[in-house]
Amino acid sequence: MSSIDHSAVVLPEQKTWLRRIWSYPALEHYYRLVILVLCANVMTLAYGVTTGAWFSAEGMALQTFANLVVLNLSIAVLVRQQYVINLLFWLATRIPTSWPLAIRWHLGKIYHHGGLHSGSAMAATTWFAIFTGALAYSYYHELVFISSRTLGISYLIMALLMLIVVMALPNIRKKYHNAFEKTHRFGGWCVLVLFWAQTFCLADDLNPQASFSSSMLMSYSFWALVIITFSILLPWLRLRRVPVEIVTPSSHVALLKFDYGVTPFAGSSTAISTNPLMEWHHFANVPNPIESGFRLTISRAGDWTEKLIDSRPCYVWVKGIPTAGVAYIEVLFKRVVYIATGSGIGPCLPHLLAKKVPMHLVWSTRTPRETYGDELVDEILAVQPNADIWDTTEKGKPDMVKLAYAAYKKFDAEAVICIANQKLTQQVVFGLESRGIPAYGAIWDS
């Protein structure tokens, strides 16, 4: 176990303002995707305005608005589907490390895919507001037959969509995360049911002479809703209550061990819950290449983790499949430095054990052996004997940007992956990327 002396480290100058502007959190790839989706929808709206075809308030215009709502809604739902996420990560990491670093640098940002979800959800809500306005105009001016039940369902969907969007705003989501999660889950389910009801009602209103089955089967909205419904239902079809062995090396940390027939891949996470309808939490899987099952490392950080550590239940609920996360992109680079703080060692550990690429670990934590136990620390040192473990109790908190840069230079790495809290992760990622060094870290978008 070594320790980098970063006190004399001099960071290189940041890139010019015009070149580093894209490194700021407000303009990271996540928000660029949001802007891209919104721009595409604005262009679509502009086309409809200039041609005037959509604002005749005829049945075809209403159907076009409905299709645009469902199209955006489909993207918003599918990009969060676990199988789709794993496919996106798999595709992004297919290129060899011989490709130019600039290309691999951007492909490594695949974990920002949530920007497609947010952008499409906002666009779907906007299109639905336009659709509802056109529906109401048609209803009150009797341009086409629209039943009061269809209009009433539309108003209810609009109210729920607005509630979901408001609760998802970053500051509100962070402050009232449990309320945000429940609103998204139960509000989303209600919206899906109401969309089904509206689709049936609207098909009956606009095609009263057509047979019910033929009008529905010819509807784009119908088949899109089938896909959306299946996508949402799929993880719940894999809901199960599984045994867990929980060890607490200290009052701050719990080490969970599972062996129920699933051995996840390195770089994935699993959602667990003690009450599946109310609250879910995602944690990085720690599989061992020579053992079945996997482990999770959970630190005391909030009411739910506090209760789990203190009560140590014998069973928890799991849902869906192991899903790729940020560190999965390590294979895009020839050499990688992992920066971890506290229980951030958990997501790093499976990569240290798998040894897919040459890597170096920097771990900043308080009293590592007392907090996480000798067994875990010895396991880390067995695969990373030269790891830089910084004991914050003994040395105080380091300048993590300087520490990361020093390790990056020392190890001659191509990229840095940081697993820490949100504030520190943003500091490290911006501090390095603004100086031309590829850096990655979680973005807390879910």
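Nearest heavy atoms, P322 versus N285: CB-ND2, 3.9 Å. Closest approach of G441 and V326 over heavy atoms only: N-CG2, 4.0 Å. Nearest heavy-atom pair, V428 versus M400, reported as atom, atom and distance to 0.1 Å: CG2-CB, 3.9 Å. Contact record, S118 with V34: CB-CG2, 4.0 Å, taken as the closest heavy-atom pair.
Using modelled atom types and a 3.5 Å distance limit, the side chains of H29 and H106 yield a donor-acceptor pair. Between the side chains of S23 and S434, not a single donor N or O lies within less than 3.5 Å of an accepting N or O. Side chain to side chain, W196 and T229 meet the donor-acceptor criterion of an N or O pair below 3.5 Å. For T341 and N421, the side-chain atoms include no donor-acceptor pair closer than 3.5 Å. A side-chain donor from one of Q198 and S154 sits under 3.5 Å from a side-chain acceptor of the other.
Each of L255, T248, T305 was checked for a side chain to side chain contact (heavy atoms under 4.5 Å, CB included) with I298, and the lone residue meeting it is T305.
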**Request:** With ring pair (Phe, Tyr, Trp, His ring centres under 6.0 Å) as the test, would you mind laying out the steps for W363 and Y372 before giving the verdict?
**Result:** CA-CA 12 Å; W363 184 23; Y372 295 91; 5.3 Å; yes
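Applying the salt bridge (charged side-chain N to carboxylate O under 4.0 Å, His left out) test to every pair with at least one member in residues 325-348, sequence neighbours left out, gives no pairs at all.
The side-chain contact (heavy atoms from CB on, under 4.5 Å) search around T371 returns S250, H252, V253, R366, T367, not counting sequence neighbours.
Between R185 and E181, at least one side-chain nitrogen of the basic residue sits less than 4.0 Å from a carboxylate oxygen of the acidic one, meeting the salt-bridge criterion.
The aromatic rings of F333 and Y440 are tilted relative to each other, their planes meeting at an angle between 30° and 60°.
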